[in-house]
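The structure under discussion appears below in the form of structure tokens.
Chain identifiers are assigned alphabetically (A, B, ...) following the order of the sequence lines, protein sequences preceding nucleic acid strands; residue numbering begins at 1 within each chain. Values in this document were obtained by computation on a predicted structure and should not be read as measured data.
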2 protein chains.
Amino acid sequence: MKSISDFLKNHDIRPSYQRMRIFEYVQSKRNHPTIDMIYSSLIQEIPSLSKTTIYNTLRLFVSAGIVKPVTIEDHEIRYDADTVPHIHFKCIKCGKIEDIYLKNDWNDLASMVPEGYVVNEEHLYLRGLCPDCRDA
Amino acid sequence: MKSISDFLKNHDIRPSYQRMRIFEYVQSKRNHPTIDMIYSSLIQEIPSLSKTTIYNTLRLFVSAGIVKPVTIEDHEIRYDADTVPHIHFKCIKCGKIEDIYLKNDWNDLASMVPEGYVVNEEHLYLRGLCPDCRDA
DNA sequence: AGGCAATTGTGTAATCCTTACAATTTTTAT
DNA sequence: ATAAAAATTGTAAGGATTACACAATTGCCT
Ligand SMILES: [Mn+2]
Ligand SMILES: [Mn+2]
Ligand SMILES: [Zn+2]
Ligand SMILES: [Zn+2]
């Protein structure tokens, strides 16, 4: 918890109790949660927690760059505390989103885009069946 | 217009006037429009048009597979009548979404995914500045 | 420690987008 | 032409997000 406090301070975010708990949840669960997933889990331990605080806090984290929004489905926003570019896989059956590590490196796209474009971000995600759901 | 009518019929969609005009818009403009963009444009020529019809029609097109939803930003859904997989570029300044054709082929991702996953769809999009906005 | 100002959290209300539904219009078949 | 089916429309309902005012907490100064 001390490390989370320091981490937030390093990004000019005051480490309130709620902020620390919310960040800890997103970072440790690694489940790319929605706002509701965070709320449902933390409300059990922090009965006073307001959903507005989750919204505010995530917006703060995103603008500070310590959490990235993951947009795969149109109707739900998910959040990821892993800010280095990586690939996501969404299972169409159980709905979970996990990180995927490819066996080989993937092309350097920046060198393949037509002249004139400035690329700031690359986003890649796959959809299909996860190993658990494939076997079931 | 005759070809659009036949195209819809081939996908078991009755070619009503509204449906033909909506499909024509998405296919010809190639601008990956939102529901509102379609509505704002067509309402000028079809004064009776209801936004509900746009929602219903796009949902029908998507379930028939003749239009694909494009989800890049969390707060807006866009639609694309080009159903073959391709790459999108969203300009963070002017907001437009365009198709990108890479100079080389891009890796065959399916072969690079860890064992056990079944990949149905691959989605790649880039964010940055389009040539127009870069120069401005 | 006590007091004060600034920041953060909370609960409710407002807003915006999407969907549900019933009524009307249009199309299709007989 | 008539009736049945399907599509469109307008309004109401729903759900998610944001705005806002007030309460609680924090941090700083004495
Ligand atoms: Mn991730
Ligand atoms: Mn496209
Ligand atoms: Zn699964
Ligand atoms: Zn641009």
Side-chain angles (χ1 to χ4, degrees), chain A residues 1-2 4-9 11-26 33-64 66-67 69-79 95, chain B residues 1-2 4-9 11-25 32-64 66-67 69-79 95:
Chain A
M1 213 53 156
K2 180 61 168 52
I4 290 178
S5 171
D6 290 342
F7 182 79
L8 295 181
K9 279 186 208 159
H11 290 85
D12 296 317
I13 295 172
R14 293 164 92 141
S16 73
Y17 179 68
Q18 287 87 342
R19 287 171 176 178
M20 287 195 290
R21 294 300 304 272
I22 293 170
F23 189 79
E24 180 197 32
Y25 178 92
V26 178
T34 61
I35 294 281
D36 272 330
M37 289 163 72
I38 302 168
Y39 180 76
S40 309
S41 176
L42 293 181
I43 190 67
Q44 298 179 49
E45 299 173 37
I46 314 169
S48 72
L49 185 65
S50 164
K51 199 176 277 189
T52 300
T53 298
I54 315 271
Y55 278 105
N56 290 340
T57 302
L58 267 296
R59 186 170 29 206
L60 178 68
F61 288 171
V62 169
S63 70
I66 63 173
V67 160
V70 176
T71 55
I72 292 183
E73 301 294 338
D74 40 38
H75 54 89
E76 62 175 21
I77 312 175
R78 287 164 168 266
Y79 295 94
Chain B
M1 212 52 157
K2 181 63 169 54
I4 290 178
S5 172
D6 290 343
F7 183 80
L8 295 180
K9 280 186 206 158
H11 290 85
D12 295 318
I13 294 172
R14 297 167 102 124
S16 73
Y17 178 68
Q18 286 86 343
R19 287 171 177 176
M20 286 194 291
R21 294 300 305 274
I22 292 170
F23 188 80
E24 179 199 32
Y25 178 91
H32 310 87
T34 61
I35 294 282
D36 272 330
M37 288 163 74
I38 302 168
Y39 179 76
S40 308
S41 176
L42 293 181
I43 190 66
Q44 298 180 50
E45 298 173 36
I46 315 170
S48 71
L49 185 65
S50 164
K51 199 175 277 190
T52 300
T53 298
I54 316 270
Y55 278 105
N56 290 340
T57 302
L58 268 294
R59 185 169 30 208
L60 178 68
F61 289 171
V62 169
S63 70
I66 63 173
V67 160
V70 176
T71 54
I72 292 183
E73 301 294 337
D74 40 38
H75 55 90
E76 63 175 19
I77 312 176
R78 287 162 169 266
Y79 296 93

Measure CZ/R78(B) against P/dT18(C) and give the value in whole Å, please. 13 Å
Rounded to whole angstroms, how far apart are CZ on F61(B) and C1' on dA7(D)? 13 Å
Does a nitrogen or oxygen in the side chain of Q18(B) sit under 4.0 Å from OP1 or OP2 of dT26(C)? no
Step by step, work out the side-chain contact (heavy atoms from CB on, under 4.5 Å) result for V26(A) and F61(A). CA-CA 11 Å; V26(A) 178; F61(A) 288 171; 6.0 Å; no
In whole angstroms, how far is the P atom of dG9(C) from the OH atom of Y39(A)? 15 Å
Which comes earlier along DNA chain D counting from the 5' end, the contact point of P15(A) or that of T53(B), where each point is its nearest nucleotide? T53(B)
Just N and O in the side chain of R19(B): are any of them under 4.0 Å from OP1 or OP2 of dA7(D)? yes
Can you check the I46(B) CD1 to dT25(C) C1' distance for me, whole Å? 15 Å
In whole Å, I'd like the distance from the OH atom of Y17(A) to the P atom of dG27(D). 16 Å
For a 4.5 angstrom cut-off between non-hydrogen side-chain atoms, does R78(A) reach I72(A)? no
Less than 4.5 Å apart, side chain to side chain, heavy atoms only: is that true for I13(A) and F7(A)? no
At under 4.0 Å between heavy atoms, how does the protein contact nucleotides 14-23 of chain D? Give one character per nucleotide, 5' to 3', with B, S or -. --SSBB----
Using only heavy-atom distances, determine whether the side chains of Y17(A) and R21(A) contain a donor-acceptor pair under 3.5 Å. yes
Between S16(B) and dA7(D), does any side-chain N or O lie under 4.0 Å from OP1 or OP2? no
CZ of R21(B) versus C1' of dT8(D): gap in Å, rounded? 16 Å
Sub-3.5 Å donor-acceptor pair from the side chain of T71(A) to the main-chain atoms of I77(A), do we have one? no
Distance in angstrom units between L49(B) CG and dT26(C) P, rounded: 14 Å
Indicate yes or no for a side-chain donor-acceptor contact from S63(B) to the backbone of L60(B) under 3.5 Å, with no hydrogens or angles considered. yes
Indicate yes or no: at least one non-hydrogen side-chain atom of S41(B) is less than 4.5 angstrom from one of M37(B). no
What is the distance, to the nearest angstrom, from the CZ atom on R14(A) to the P atom on dT8(C)? 5 Å
